[in-house]
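My structure is below; once you've seen it, I'll send some questions.
Both counts, for ligands and for their atoms, begin at 1 and track the order of listing. Everything numeric here is computed off the predicted structure, so don't read it as measured data.
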Amino acid sequence: MVSLPNTQETKDLIQKLVNIPSPSGFTGKVIQFVEDYLKELQVETKRNRKGGLIATLPGENTSEHRMLTAHVDTLGAMVKEIKDNGRLRLDLIGGFTYHSIEGEYCKIHTTSGKEFTGTILMHQTSVHVYKDANKAERNQENMEVRIDEKVENAEDIRALGIEVGDFVSFDPRVEETENGFIKSRHLDDKASVAILLQLIKRIKTENITLPYTTHFLISNNEEIGYGGNSNITPETVEYLAVDMGAMGDGQSTDEYTVSICVKDASGPYHYGLRKHLVDLANKNDVEYKLDIYPYYGSDASAAIRAGHDIIHGLIGPGIDSSHAFERTHETSLENTEKLLYYYVQAEMVK
Ligand SMILES: [Zn+2]
């Protein structure tokens, strides 16, 4: 008998993951968390030089491998400039707009390990002072961090130990609703990381022997384009990225099904693998949507670009308002979990 995924456990894990700050380039703590989680399951892991984590489950066939990946790095920022007015100018990490972080609480992580809290604001926020508060452009020039400390100038800030190059993380704002929604800034792609970790746990607890040796790469540089493009064994035939499905006008992806990506900005995903995933979904009552993501690339397309001769695919939960105030529903997590569960136990596409 096949057990159903424990989606509440997945949501609990998402909560833990999004609460660990991890903008691309600053992922040490979150990788440590994932490493500890896998160690508890007695899964062997190793780190690559970039700081990502690879877990390997040996399968019956050891000469042909499979790889699945999801990324733990998120959007974030870095201190660009210590301003004379006692505020910080930011430089963004990853692709998003300043609009989506206006008013957001943030943390500044100094190199000595201290943390300071702050708020990302328009310089011209106060309507009692600035006539053009609503019209001024939301950009690097006009937006700044107000630190929750008594600081009036650059010298005061430097005295706290804050310097150019310090990482800045955004409040994850995670919340679950009683009717099954989960909201957070960083569902991309920590929802998928939680799904992969749960999948590994299920394979271990149900004592499943996989047909092929299967690697799970928890990538830590996807938002900047090169997380999952390395550490792919020469035996790897299929490479599946698990990353968010993009929603919006004209998209078929929703918050309730698993999204199977047929094409994104990098071009079509492998036709055979896509058809195989659809077959698996149909056979096992997994609800899915096929979709094209217009402005999107994944770790699977990054691996292809890096020159790996692999069969590549992309699936994931549908995430509304990506790279901003993200939301999905537990049924989307569940459908993604189910499809992956059948996928890792199926024959390969050849
Ligand atoms: Zn992503």
Taken in chain and number order and not counting sequence neighbours, the residues that satisfy side-chain hydrogen bond (donor to acceptor under 3.5 Å, both in side chains) with Glu102 are Arg138
Same apolar cluster (I L V M F W Y, side chains within < 4.5 Å links), Ile232/Val242: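 Different clusters.
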Check the Zn ion (ligand 1) and write out every protein N, O or S atom at under 2.8 Å, as residue and atom. His71 NE2, Asp188 OD1, Asp243 OD1, Asp243 OD2
Can you sort out the partners of Gln345 under side-chain hydrogen bond (donor to acceptor under 3.5 Å, both in side chains), two or more places apart, ordered by chain and number?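 If we apply the side-chain hydrogen bond (donor to acceptor under 3.5 Å, both in side chains) test to Gln345, skipping adjacent residues, there are no hits.
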Please give the remaining members of the hydrophobic cluster of Val151, linking ILVMFWY side chains under 4.5 Å, ordered by chain and number.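 ILVMFWY cluster around Val151 also holds Leu75, Val79, Ile82, Leu88, Leu90, Leu92, Phe96, Tyr98, Ile101, Ile108, Phe116, Ile120, Met122, Met143, Val145, Ile147, Ile157, Leu160, Ile162, Val164, Val168, Phe170.
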Do Tyr226 and Ser219 have side-chain heavy atoms sitting under 4.5 Å apart? no
Cationic tip of Arg66 within the cone over Tyr239's six-membered ring, i.e. under 6.0 Å and within 45° of the normal?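 No cation-pi geometry.
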